[in-house]
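These notes are about the structure you will find just below.
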Amino acid sequence: MAVDAAVQRVLAGLDPEQSAAVTAPAGPVCILAGAGTGKTRAITSRIAHRVLIGQVVPRQVLAVTFTARAAAEMRARLTALGATGVQARTFHAAALRQVRYFAPRLLHGRAMPELLESKIRLVTAAAARTGLRTDRAAARDLAGEIEWAKSSLVEPGEYTVAAAKAARETPHEPARVAEVFAAYEQLKRSGGVIDFEDMLRAAVWGIEEHPDVAEEIRNQYRHFVVDEYQDVNPLQQRLLEAWMGRRDDLTVVGDASQTIYSFTGATAGYLIDFAKRHRNAVVVRLVRDYRSTPQVVGLANAVIRQARGAEARLRLDLVGQRPPGPEPELRIFTDEPAEAAAVATRCRSLIAAGTPAREIAVLFRVNAQSEAYEKALADAEVPYVVQGAERFFERPEVRQAVVAMRAATRSLDGAMPLVEAVVQALTATGWSPQTPPPGGAARERWEAVAALVALAEEYAATPAVLPIGDSASVQRAPTLADFCEELARRAAAQHAPAVEGVTLASLHSAKGLEWDAVFLVGLADGTLPTIHARTPEQVEEERRLLYVGVTRARQWLWLSYGAARSPGGRQRRPCRFLPQLDRSGAAGTGAGAGAGGAAVAGGKSAAARRPARIVSCRVCGATLLAGAERKLGRCAGCPSDLDEELYARLLDWRARAAAQQQVPAYVVFTDATITALAERRPQRAEELLAIGGIGARKLGLYGEAVLALVAGAAVDEIVAEKKF
């Protein structure tokens, strides 16, 4: 009975597609999961369901993913679902564990070689050996090429041909890179060290060349799950096949539209061809988006709908499940500094209106774009954190806080509520839960420790589970000692809590994350798509990168670029993947439009070939794209200076003019044009023509009447004189 109840809890709340994925029979299963469709819930529920019904033994399941954070989240969810004992690891962590275990047997008692944490030092030495002088940035680029080659199963002697076939943008002539690659391998062998790719290869070699190792591993792991399968590279795929042997109990989850790591050797080909490779595979599509509003989902669909190439064959048309929200905002600024300043101002407004800073992200194509936003946010006194900077658990203030909490486990009352105990322990370090210090490094340190308190609050809401036998357990409130153990696990996996600050991150590092409000900035051709994207395949990957960025937003989305890099600089074109402008400058809503009402570049309409008249917001200076905003002459979010008395007279006059001409009121002027007239109060015919919706014809019909009304004339007077 208890098992039946647990099974029902696992299945409760799943949508039909998720349920189909969870209950699919043993064997090859491919889950095509769009952004925000609950893929992690689906795969963890599938594992837990199979465990609970006795179909699999937990310790015989190996779930692999690509980041320590994702693996930690998977383990936490599986534990909560009652599937303890399942191994959830990254490819590298799983391989390292196996290589270390079998090293004495494979190396005949010799110690396992030291594992390189970074290739930079050896690559620099290898380059020097070939006569090539490099700085740290150049060495990093060379290391990236070597990683791509090794992940793609390319040897030094094969590199030149392979790089040409893959259209690699190499940091030096391919032949020189091949020389550095060969020298790097020699230095590595002579130094008795291995890199991460060697470690994966060692795991493959141990299985393929040693039947006893293969038998032991395949007896241990009989059921496999691979998350983010579109990111698998040839070396990882070979390791997966070595693990499986002749078995086919494999569940893969992926989204070809989020394939953005091809430059590292990742390929969506294994996901695309899964049904061909496994003829009896069950394929399930998850398309219900629970993350983003329909407006954000609509724009995402519009961006990816124009995709071409192999990945586009598995394109999913997402269906938003959340209540409607604001339309995505599109903004063009005179230059990048103006764009950064406007983003910082809007971030400050969002925070003042109640959006937590940690729920706001500014995303860009390359890390070099970060500096302008760091400065603008600092000038606006908006706290921020840079994604991928110093690791959270390695920060001095965090290490000090963890030491203080460990010490407090020996002195504080063990029955004290967890959060109270954490705050008391941290107070001893000089940290105060009261108002944080103003700006700068002190504020950043305070926020880092505050993140630990927030994590404690979250952890306190989850009862600790204590096993009391083979199949029974009891629950109790977690203690400070439990929390310290949780922090140790997170530190080992680099599973850091969110720090209270606006996140600055590259689009690549933002994958897998989400925020309430997202700014996609620097969306100019040459930056996105990057100038280095020359082949159709590379351009399509840039389109997918924008798609990933759009789908990070839950509620509010801003897209922008500076028309020039610096004040007075050369003008640039907007990102070709963004919505086009029609003749009036409004975002297109024709056949190319998605649910969000925005058409995508790439169509062949006359509007796409005709430049639109640039209209700037008279309040903040941003270029206006939406038709209603262009008529108003300001952003929808900028303050209005509406003359309400004039607005009322204009509405009265429009109603009478429409009645006398026997036409609907909007035929005379739309509501947006009436509002613009009441805000801008034109004094001359030239000023009337500057308002959207008023051309030469309407100027001739209604210009005299409107100017008279603006000057203070009564509606009765205008109507009596028939100055329509």
Side-chain angles (χ1 to χ4, degrees), residues 66-68 90-93 95-100 103 106-206 233-236 238-239 261-266 366-368 388-391 394 494 506 508-509 532:
F66 286 85
T67 67
T90 64
F91 270 102
H92 289 93
L96 180 60
R97 182 183 175 93
Q98 292 172 12
V99 170
R100 281 177 172 164
L106 299 175
L107 300 177
H108 306 292
R110 297 194 309 272
M112 177 181 162
E114 179 186 350
L115 181 63
L116 283 174
E117 290 294 328
S118 170
K119 293 183 176 68
I120 299 298
R121 182 180 60 82
L122 271 187
V123 167
T124 301
R129 176 173 287 193
T130 66
L132 188 64
R133 298 185 62 181
T134 60
D135 57 17
R136 186 170 181 82
R140 189 165 54 244
D141 290 341
L142 284 167
E145 278 303 294
I146 292 172
E147 287 178 6
W148 169 80
K150 299 186 74 167
S151 296
S152 302
L153 301 175
V154 173
E155 301 298 331
E158 303 166 339
Y159 173 81
T160 302
V161 173
K165 287 183 178 179
R168 299 289 295 177
E169 191 77 24
T170 59
H172 297 280
E173 289 294 323
R176 295 302 303 274
V177 176
E179 291 177 11
V180 175
F181 185 5
Y184 167 81
E185 290 296 305
Q186 292 169 359
L187 284 172
K188 192 159 47 65
R189 283 193 294 270
S190 62
V193 295
I194 60 174
D195 58 26
F196 282 102
E197 292 75 35
D198 293 330
M199 187 256 297
L200 292 179
R201 289 184 174 208
V204 172
W205 170 75
N233 62 43
L235 177 54
Q236 291 162 337
R238 185 162 172 177
L239 176 58
Y261 296 114
S262 295
F263 65 93
T264 67
V366 293
N367 287 321
E390 186 178 22
R391 291 182 173 184
E394 294 174 0
Q494 286 301 323
S506 71
H508 282 101
S509 66
H532 302 297

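All heavy atoms count here, side chains included; hydrogens, waters and symmetry mates do not. Since the model is a prediction, treat every value here as computed from it, not as a measurement.
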Nearest atoms (heavy-atom pairs only) where [X] meets [Y]:
X      : Y      : result
Gly206 : Leu106 : CA-CD1, 4.1 Å
Gly265 : Pro234 : O-CD, 3.4 Å
Val123 : Ala139 : CG1-O, 3.6 Å
Thr90  : Ala68  : CG2-N, 3.6 Å
Thr170 : Ala163 : CG2-CB, 4.3 Å

Could I get the full list of side chain to side chain donor-acceptor pair (under 3.5 Å) partners for [X], not counting sequence neighbours?
X      : result
Ser262 : Glu541
Glu185 : Lys150, Lys188
Ser151 : none
Glu158 : none

For [X], give me all partners under salt bridge (charged side-chain N to carboxylate O under 4.0 Å, His left out), at least two apart in sequence or on another chain.
X      : answer
Asp141 : none
Glu173 : none
Arg168 : Glu145
Glu155 : Arg201

Side chain to side chain, [X] and [Y], heavy atoms closer than 4.5 Å:
X      : Y      : value
Glu117 : Phe196 : yes
Leu96  : Leu115 : yes
Val193 : Pro113 : no
Trp148 : Phe263 : no
Leu142 : Phe181 : no
Thr264 : Glu147 : no

side-chain hydrogen bond (donor to acceptor under 3.5 Å, both in side chains), that's the test. Do Tyr184 and Asp195 meet it? Break it down for me.
CA-CA 11 Å; Tyr184 167 81; Asp195 58 26; 2.8 Å; yes

In Å and rounded to the nearest 0.5 Å, what is the [atom1] to [atom2] distance from [X] to [Y]?
X      : Y      : atom1 : atom2 : value
Thr124 : Arg140 : OG1   : CZ    : 10.5 Å
Leu116 : Glu197 : CG    : CD    : 10.0 Å
Arg189 : Asp198 : CZ    : CG    : 9.0 Å
Leu235 : Ser152 : CG    : OG    : 9.0 Å

Does Ala95 have any side-chain contact (heavy atoms from CB on, under 4.5 Å) partners at least two apart in sequence or in another chain, and if so, which?
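For Ala95, the residues satisfying side-chain contact (heavy atoms from CB on, under 4.5 Å) (neighbours in sequence not counted) are Met199, Leu200, Ala203, Leu239.
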
Who passes side-chain contact (heavy atoms from CB on, under 4.5 Å) against Ala103, sequence neighbours left out?
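Leu107, Met112.
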
Please list, one pair per line, the donor and acceptor atoms closer than 3.5 Å that link side chains of residues 126-134 to other protein atoms, with sequence neighbours excluded.
{"unit_1": "Thr130", "atom_1": "OG1", "unit_2": "Ala127", "atom_2": "O", "d": "2.8"}

Mind checking what makes ring-ring contact (aromatic ring centres under 6.0 Å, His included) contact with His172, not counting sequence neighbours?
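ring-ring contact (aromatic ring centres under 6.0 Å, His included) check on His172 returns nothing, list empty.
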
